[in-house]
Protein chains: 2
Amino acid sequence: MALDHAILVSLLEKPGSGYELARRFDRSIGYFWAATHQQIYRVLKRMEGDGWIDVREVAQDDRPDKKEYSVAAPGRAALTAWLHEPIEPETVRHELAVKIRAAAFDDPAALVHEVERYRRAHADRLTRYLAGERRDFTGPEAPGTLDAGQELQHVVLRGGIAYERMTLDWLDDVLATLRRLGSPR
Amino acid sequence: MALDHAILVSLLEKPGSGYELARRFDRSIGYFWAATHQQIYRVLKRMEGDGWIDVREVAQDDRPDKKEYSVAAPGRAALTAWLHEPIEPETVRHELAVKIRAAAFDDPAALVHEVERYRRAHADRLTRYLAGERRDFTGPEAPGTLDAGQELQHVVLRGGIAYERMTLDWLDDVLATLRRLGSPR
DNA sequence: CTTGTCTATGCAACGAGTTGCATACCAGGA
DNA sequence: TCCTGGTATGCAACTCGTTGCATAGACAAG
């Protein structure tokens, strides 16, 4: 149930409403933990009931009012406790790998177009990551100018970049294999 | 709901019982789509009810009897239909990335031991992948000896190997960053 | 002859995630 | 004035995944 903790981290980085959190989960933190606004609103309600977070009604002139959440002491304690628990191995759900194996019972070449589309999506994501890195983590500053939070966000982003690069290389391998199997010898 | 399809692929590769499928999901196909025996038995029951798979009671002398499942025509049709659907972008759930960002609000160095343990788990997995590759995909055969199914299994496995290598490199980066932030300047 | 381990299947309860829908405020353009 | 689109919150129903437990046959070790 790490959605709780992902939300707590996001709120510690910056308090905000459910709507704002949902948008952060569409970029930034959501690159590593996906969530919809439905999940977020539900968890916020529960954590508020448990006293993990505080609410503040914020009236806005130019748009609907919102509820701004921030982390309370019990929430912060829960996050610290979770941080000291063992790291669970990720449960993998890689649909494409299943489809590739399924292609053995169909026409491998038929997958090519979908894989190409999928590859473009990953290329786009890499572009976004690199743009984010340029924006947030390079500049005129000397090394050591970033605080711990920024350093840690950067190392996570570097992981995302490495993942996308590795994925693009692998997808080229996949495409070559599919084309080879699809064409007659 | 790709568990259905992962099971169908596994049964097409080789018919088997729920128990045998559960063991396959602990290695091989389960490296890319995790599932417990509970999920598997439930889905098998549903797919049998829908006529996607056939059952055959197999009496065994030296152990309890089992039910061997194999894919029926409607199941195969469902798999083909699924294969031609668009590939969904994976939904990422990367607990470690969340923990790293959470570490900004705690002691970054406290994560080091857990990350080291996590790194060892990935190193072990890479070792298993490489052993599997040596066992199944290298040998005296000339290129072109493998059938399409084996080629496709191999390219999926190469993806797993690339993922683990990338992850190990990234974890070294993570460890260096955590140590740097934990030690006084 | 009991205990443990592996094979083999399954139920029940709960928790997490998905999908579709509903409401409402506010601004700007047709 | 109505319609669209962005902001903002939420319910209900459903499916999927997790956890804990239960049963039972076969065999090997103590």
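First the proteins, then the strands, lettered A, B, ... as listed; each starts at 1.
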Whole-Å gap separating P (D/dT9) and CD (A/Glu48): 12 Å
Worked check of side-chain hydrogen bond (donor to acceptor under 3.5 Å, both in side chains) between B/Ser28 and A/Arg101: CA-CA 11 Å; B/Ser28 178; A/Arg101 282 173 77 143; 3.3 Å; yes
Length of the CD1-P vector between B/Ile40 and D/dC16, whole Å: 15 Å
Residue pair B/Glu90, A/Tyr118: steps toward the side-chain hydrogen bond (donor to acceptor under 3.5 Å, both in side chains) verdict: CA-CA 10 Å; B/Glu90 312 99 285; A/Tyr118 182 85; 2.6 Å; yes
Centroid separation A/Tyr19 to A/Tyr41 less than 6.0 Å: no
Length of the line joining B/Met47:CE and D/dC16:P, which is rounded to integer Å: 12 Å
All side-chain contact (heavy atoms from CB on, under 4.5 Å) counterparts of B/Glu116, not counting sequence neighbours: B/Val112, B/His113, B/Arg120, B/Leu175, B/Arg179
Protein-to-nucleotide contact annotation, 5' to 3' order, nucleotides 2-16 of chain C [B base; S sugar-phosphate only; - none; under 4.0 Å, heavy atom]: -----BBBBB----S
Between D/dA26 (P) and B/Asp61 (CG): distance, integer Å: 9 Å
A/Tyr163 and B/Tyr163 aromatic ring geometry - parallel, tilted or perpendicular at 30°/60° bounds: perpendicular
Salt bridge (charged side-chain N to carboxylate O under 4.0 Å, His left out) pairs, two or more places apart, involving residues 63-76 of chain A: A/Glu20-A/Lys66, A/Arg56-A/Glu68
